[in-house]
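Worksheet: one structure, shown below.
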Amino acid sequence: MIDVSPKFVTLRYAKASGVLFAQKETIQRVKNKTVPKGDVLQVARAAGILAAKKTADWIVFCHPIPIDWIEIHFELFEDRIQVFSEVKSVWKTGVEMEAITAVQGALMNMYDMLKPLDQQMYMTDIKLEGKRGGKSDFTDEFEGTIKAAVLVISDSTFAGKREDRSGKIISEFLKQQKIDVGVYEILPDDVSKIRERVKNLVDEEGIDLIFTTGGTGFGPKDFTPEAIKPLLEKEAPGIVEAIRRHGKERTPFAMLSREIAGLRKQSLIITLPGSSRGAEESLQAIFPGLLHAFPMIWGGKHDKQGRAVL
């Protein structure tokens with residue numbers, strides 16, 4: 001199975017359809033509810049709902065997921081019955097297979113109930129009509145390049161006594177998001193040096209996105225949030241809430257991290273934990289949705305120079 005544990009939960013939706021072709025007389029008996037085995041459409045609807053719930057039992061690589069809503073409906077024509085399924089779930093992975101399986105379950109039950117009456121029936125055109133809620137739905141496209149800086153805050157790493165891991169993980173992650181990481185630096189746990197460097201990155205160098213890693217805990221030298229907070233013109237508590245909630249679902253220690261995030265001018269500044277795992281999980285919690293901040297910062301559908309983006 002694919003590991004979906006790094007993913008965040010979103011509302012997922014999928015719609016699928018399929019067709020049962022049958023003789024005109026067969027379709028009429030379905031409409032008139034004169035089929036010996038009973039009400040074909042009601043049984044098929046129930047079967048489709050049950051099939052969707054059981055998808056993971058027989059599709060090997062499907063994850064068992066909580067299904068919040070399923071609907072099966074039918075359109076009857078002279079020579080065919082079209083089946084539609086719709087599925088919703090607030091979860092980490094999509095519901096396409098559940099929607100398709102629902103259609104198959106409904107079709108197979110209709111076929112079973114009608115086969116004594118019609119030897120010419122056949123099922124076809126089972127397909128996914130559409131889906132929503134995946135990662136791609138929350139990815140913004142806009143003109144211009146986002147320039148980023150990664151600052152590792154650690155006395156021991158600054159002194160060369162410990163190798164940096166979290167800063168490199170952040171840098172590599174950002175590059176995968178097509179963000180230009182032009183600055184990667186290691187700083188000591190010094191409030192004035194941290195503050196001065198971040199201030200310079202914003203005011204002088206025009207960096208769009210700044211991540212720090214380290215100094216967000218309860219340790220005697222953990223003062224990164226205190227160094228950053230006076231620089232912020234607007235705080236962004238939602239970013240921190242997303243990071244902490246995502247982390248808390250994976251380790252109780254996440255509640256002990258004191259991240260802070262916000263804006264200075266047109267630059268977004270976010271402090272991350274110093275652990276490599278904590279930094280990576282924090283990024284997984286806020287991307288790709290975080291990128292939506294930049295069209296907002298730049299004034300709606302505009303690039304950073306204020307030009308309209310169509």
Side-chain angles (χ1 to χ4, degrees), residues 2-12 90-94 131-153 164-184 198 201-202 207-214 216 224-225 228 232 234-251 254 257-264 266-298 301 303-304 309:
I2 300 297
D3 183 7
V4 298
S5 62
K7 293 186 176 183
F8 52 83
V9 172
T10 60
L11 173 61
R12 308 285 184 142
V90 179
W91 196 239
K92 300 175 183 179
T93 187
K131 63 175 184 174
R132 296 193 303 269
K135 193 173 183 180
S136 59
D137 288 355
F138 304 101
T139 301
D140 279 81
E141 294 184 3
F142 42 82
E143 297 294 329
T145 301
I146 295 175
K147 296 188 298 181
V150 177
L151 303 179
V152 180
I153 314 299
D164 167 56
R165 292 183 60 197
S166 60
K168 292 177 181 177
I169 286 174
I170 295 169
S171 297
E172 186 58 35
F173 186 98
L174 294 178
K175 290 174 184 176
Q176 292 174 7
Q177 312 303 314
K178 299 181 180 179
I179 294 173
D180 178 19
V181 183
V183 177
Y184 166 82
V198 171
L201 286 170
V202 174
I207 298 296
D208 302 301
L209 179 61
I210 300 171
F211 281 104
T212 69
T213 173
T216 61
T224 302
I228 298 300
L232 301 180
K234 294 180 181 178
E235 289 196 38
I239 294 173
V240 175
E241 290 165 8
I243 290 172
R244 212 162 285 149
R245 181 174 61 251
H246 190 79
K248 181 64 170 58
E249 290 173 349
R250 288 150 181 80
T251 170
S257 194
R258 302 181 304 113
E259 293 90 357
I260 192 169
L263 293 173
R264 179 180 177 84
Q266 289 193 318
S267 299
L268 181 56
I269 306 165
I270 303 172
T271 65
L272 298 182
S275 75
S276 55
R277 179 179 173 183
E280 184 174 31
E281 289 178 349
S282 297
L283 293 170
Q284 291 167 348
I286 59 179
F287 278 89
L290 183 73
L291 297 178
H292 187 64
F294 291 98
M296 298 170 67
I297 292 169
W298 298 335
K301 294 184 177 180
D303 62 18
K304 66 174 70 176
V309 177

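What you see is a predicted model, and the numbers here were worked out from it, not measured in a lab.
- For Ile260, the side-chain contact (heavy atoms from CB on, under 4.5 Å) partners are Pro225, Ile228, Lys229, Leu232, Glu235, Thr271, not counting sequence neighbours.
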Inset, instruction - Go through Leu174 and Phe287 one step at a time and tell me if the side-chain contact (heavy atoms from CB on, under 4.5 Å) criterion holds. - result: CA-CA 10 Å; Leu174 294 178; Phe287 278 89; 3.7 Å; yes

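- Counting all heavy atoms, side chain and backbone alike, Ala261 lies closest to Val240 at N-CG2, 3.7 Å.
- Looking only at side-chain heavy atoms (C-beta outward), Ile297 and Asp208 stay at 4.5 Å or farther from each other.
- With sequence neighbours left out, the salt bridge (Lys or Arg N to Asp or Glu O under 4.0 Å) criterion links Lys168 to Glu163.
- In this structure, Tyr184 and Ile170 have side chains that are not in contact, with every pair of non-hydrogen atoms separated by 4.5 Å or more.
- Remark: Thr93 engages Val4, His63, Ile65, Trp91 in a side-chain contact (heavy atoms from CB on, under 4.5 Å) (not counting sequence neighbours).
- Of the inter-residue distances, the one linking Leu209 atom CG with Asp180 atom CG reads 11.0 Å to the nearest 0.5 angstrom.
- In terms of heavy-atom proximity, Ser275 sits nearest to Gly278 at OG-N, 2.9 Å.
- In this structure, the side-chain hydrogen bond (donor to acceptor under 3.5 Å, both in side chains) partners of Ser257, at least two apart in sequence or on a different chain, are Thr216, Glu259.
- Although no hydrogens or angles enter the test, the distance criterion places no donor-acceptor pair under 3.5 Å between the side chain of Thr213 and the main chain of Gly167.
- In this structure, Leu291 CG and Ile286 CD1 are separated by 9.0 Å, a value rounded to the nearest 0.5 Å.
- The shortest non-hydrogen separation linking Ala149 to Ile207 is N-CG2, 3.7 Å.
- In this structure, CD1 in Ile2 is found 14.5 Å from NZ in Lys92, a value given to the nearest 0.5 Å.
- Contacts of Arg264 classified as salt bridge (Lys or Arg N to Asp or Glu O under 4.0 Å), with partners at least two apart in sequence or in another chain: Asp203.
- With sequence neighbours left out, the side-chain hydrogen bond (donor to acceptor under 3.5 Å, both in side chains) criterion links Thr212 to no other residue.
- By the neighbour-count criterion of 12 heavy atoms within 6.0 Å, atom CZ of Arg250 is densely surrounded, having more than that number from other residues, nucleotides or ligands.
- Sorted by first then second residue, the salt bridge (charged side-chain N to carboxylate O under 4.0 Å, His left out) pairs that include residues 279-297, not counting sequence neighbours, are Arg277-Glu281.
- Every side-chain contact (heavy atoms from CB on, under 4.5 Å) that Ala285 has, sequence neighbours left out, goes to His246.
- With contacts defined as side-chain heavy-atom distances shorter than 4.5 Å, the pair Asp164/Ser166 qualifies.
- With contacts defined as side-chain heavy-atom distances shorter than 4.5 Å, the pair Ile210/Val183 does not qualify.
- Partners of Glu172 under the side-chain contact (heavy atoms from CB on, under 4.5 Å) rule, at least two apart in sequence or in another chain, are Lys175, Gln176.
- Shortest non-hydrogen contact noted between Thr10 and Gly133 is OG1-O, 2.7 Å.
- Within the 4.5 Å cutoff, side-chain heavy atoms of Ser282 are placed close to those of Pro273.
- Taking 4.5 Å as the limit, every side-chain heavy atom of Thr224 sits out of range of all side-chain heavy atoms of Leu151.
- Under a cut-off of 6.0 angstrom, the local environment of NZ in Lys131 is sparse, with at most 12 non-hydrogen atoms contributed by other residues, nucleotides or ligands.
- Rounding to the nearest 0.5 Å gives a distance of 8.5 Å between CG of Leu201 and CD1 of Ile269.
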